[in-house]
Asks: 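Here you go, one structure.
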Amino acid sequence: MAQVSIVIVSHSAKIGQGLVDLLRQLVGQDVHLESAAGFGEDIGTDATYIMEKIQACPTDTDVLVFFDLGSALMNTEMALDLMPDAIRQRVHIVDAPLVEGAVAAAVKARGNFASDEVITSAMQAKGMDKIWK
Amino acid sequence: MAQVSIVIVSHSAKIGQGLVDLLRQLVGQDVHLESAAGFGEDIGTDATYIMEKIQACPTDTDVLVFFDLGSALMNTEMALDLMPDAIRQRVHIVDAPLVEGAVAAAVKARGNFASDEVITSAMQAKGMDKIWK
Amino acid sequence: MLTTETFATFIANYARRLADLQETLNTLDNNIGDGDHGTNMARGFKAAAEQLAAKPATDVGGACNTVGMALLGSVGGASGPLYATVFMRFATAWKGMTSVDATNFAAGIAAALEGLQTRGKADVGDKTMIDVWHPVNQTLQNVRETTTLQAIVETADTAALATKQRIAKKGRAAYLGERSAGHCDPGSISSAVLFEELVDATI
Amino acid sequence: MLTTETFATFIANYARRLADLQETLNTLDNNIGDGDHGTNMARGFKAAAEQLAAKPATDVGGACNTVGMALLGSVGGASGPLYATVFMRFATAWKGMTSVDATNFAAGIAAALEGLQTRGKADVGDKTMIDVWHPVNQTLQNVRETTTLQAIVETADTAALATKQRIAKKGRAAYLGERSAGHCDPGSISSAVLFEELVDATI
Ligand SMILES: Nc1ncnc2c1ncn2[C@@H]1O[C@H](COP(=O)(O)OP(=O)(O)O)[C@@H](O)[C@H]1O
Ligand SMILES: Nc1ncnc2c1ncn2[C@@H]1O[C@H](COP(=O)(O)OP(=O)(O)O)[C@@H](O)[C@H]1O
Ligand SMILES: [Mg+2]
Ligand SMILES: [Mg+2]
Ligand SMILES: [Mg+2]
Ligand SMILES: [Mg+2]
């Protein structure tokens, strides 16, 4: 099992589940993945659900959170405020595009890299040209 | 109706549908949205499906395509090769992060801007810091 | 005077006001956002009022905590973590108090503002609810007599309406850039109504 | 000699080889990608062989077109548009021909390579199937006798195995960076097998 777990916080449960499906194909069972997306059946995010999903990650992993929009970030930070220090210290909210960042992170995490290197890979997805000339 | 339509090409049908749900909430019926995501029920993309979805966009709109990974780009370009010139000229594949770019584009498109301005907004999502300090 | 009872009245009344204002707030949000602020707020404070009625608190802080936790699980949008933070800061400021005096009232509002800024990273003028909470806090720092509580209602209403001309820098409306000018910020309106009901229940 | 009949044999045989190699190619792709290259290719060429059998073409170009269109709707991964492009370029090069001579054969391979590069933007050495198609094309430009077709099989096999040491610059494997070295590129292996079957059916 990798050193890093990945949690997806999106406003849409479908986006979260679909992204976990996509990542699963890349990493198999090597990386722990969670979707903490949607507000029940509705569009939105839910701090208590995010908290549950972060807490569901193996305690010997660092947890990288990828999110879509600002309100998802706020609810993630709210979730962190509700959690004990010991867990919060293992959680990193990553400043990277949701899909592109999570894909880059998943592949790197599967290579059993530590969280700082996985985060760097994810953040590199930011400036990257997606269309080759 | 806006001057621009948006087509989502993702490897996951769930991501595509979820993203259209998210955009729909932002633009209502003002912007034509299509998900051309997934390979049937499986993870993947499908050039013929992408072609159908591009052709389903109103002919008086420019079509902006947002995609997740390189193979989605290849299948989109393949789809363009299969289409008549008159349609192909209206299609622009946007070099922007899938979710963040499409959200920025949708809001701009709703403001009835022309495709070049919508594309610029979407591409700005690229370098943008998602986490405010 | 803000007591455990008047606080419960405030929440019940605010929940009713939000139910009435639901469509108005949705329309405001539809102009510059995704059109759900009314739905979010009405649902959230309905849950808060119900939970507070089901499990009455023995002090104002405890009641605030119940409201904050209820909002967390029931709002869904940006306003969820923001208003939840407000009530959790109140909970800390007013912990163990069965009545809140003017000094503690002002301290609670200041703590809530600080919480909102930590949560949302918005500055004054960014066309968010901060544009209401910040001047309300200033008014309270100036006049701390309970009899002038009415002043904060005026401050809040004026500030909420003044968001109309601003260009949004935070939240979904920021995607609109200059086009966000000309519409009031929905979260500022719901905040102004909060102050109306808070003061109304307290006086 | 590549004729309408030997082309159909080639596709049928390649589809069978891919069915047998499905797990091997998936395992290769699992090392540096998402583990579906075998599934993608077996499914795609099964559909191609079936559609070609159901609606036999009257010329090689037409047969290539049927295969290309079949692949488009049945592969799902990056290899879909890539191999579809190969067969569509063949279709243009060999349009109306019931048998393809050595010069036209070489022209078809050159057109396919050009199509692959336009489609995928990969350079030689990027650890993609280009690393097989490029040297095969070079070999063909040098020796155009049908009797030396066997040379392209050797070129292709050697080139496919040589991808092992390379670092991927395109496709999913590029995410791995240096860690992609030490594993053969699955699309290069499936391309080498394509040349084996193409030559086998043609000689
Ligand atoms: N970063 C922020 N800081 C302070 N307030 C914010 C911020 N982002 C959004 N808001 C407030 O939240 C309101 C929108 O709430 P709501 O519509 O319920 O959430 P959402 O935008 O997620 O749909 C805005 O009108 C604004 O007042
Ligand atoms: N840009 C590209 N140019 C040329 N070939 C590529 C490119 N991207 C991927 N490939 C080829 O496609 C193969 C992977 O195919 P496959 O696994 O079916 O698709 P996917 O990567 O979408 O799962 C790689 O082994 C490589 O040979
Ligand atoms: Mg809203
Ligand atoms: Mg919302
Ligand atoms: Mg693959
Ligand atoms: Mg694949």
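Chain A is the first sequence line, chain B the second, and so forth, proteins listed ahead of strands; every chain is numbered from 1.
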Asks: Is any side-chain heavy atom of L98(A) less than 4.5 Å from a side-chain heavy atom of L98(B)?
Replies: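 When only atoms from C-beta onward are counted, L98(B) and L98(A) do not touch, as no gap falls below 4.5 Å.
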Asks: For chain B, which of K130(A), E100(A), M123(A) has the most heavy-atom pairs under 4.5 Å?
Replies: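 When all of K130(A), E100(A), M123(A) are compared, K130(A) has the most.
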Asks: Of all the residues in residues 2-20 of chain A, which have a heavy atom that comes within less than 4.5 Å of a heavy atom in chain B?
Replies: H11(A), S12(A), K14(A), I15(A), Q17(A), G18(A), L19(A)
Asks: What are the two closest non-hydrogen atoms of K126(A) and D129(B), and how far apart are they?
Replies: NZ-OD1, 2.9 Å
Asks: Testing the basics here: between I43(B) and Q25(A), what is the closest heavy-atom pair and its distance to 0.1 Å?
Replies: CG2-OE1, 3.3 Å
Asks: Using heavy atoms and a sub-4.5 Å threshold, report which of residues 52-77 of chain A line up against chain B, by residue number.
Replies: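 Against chain B, the residues of residues 52-77 of chain A that fall inside the cut-off (heavy atoms, under 4.5 Å) are F67(A), D68(A), L69(A), L73(A).
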Asks: Of the backbone (N, CA, C, O) and the side chain (C-beta and beyond), which part of M128(B) lies under 4.5 Å from a heavy atom of chain A, both, or neither?
Replies: backbone
Asks: Select one option (side chain, backbone, both, neither) describing which atoms of V94(A) are under 4.5 Å from chain B's heavy atoms.
Replies: backbone
Asks: Side chain, backbone, both or neither: which part of A96(A) has a heavy atom under 4.5 Å from chain B?
Replies: backbone
Asks: Let's test your reading of the structure: which of A37(A), P97(A), A125(A) forms the most heavy-atom pairs below 4.5 Å with chain B?
Replies: P97(A)
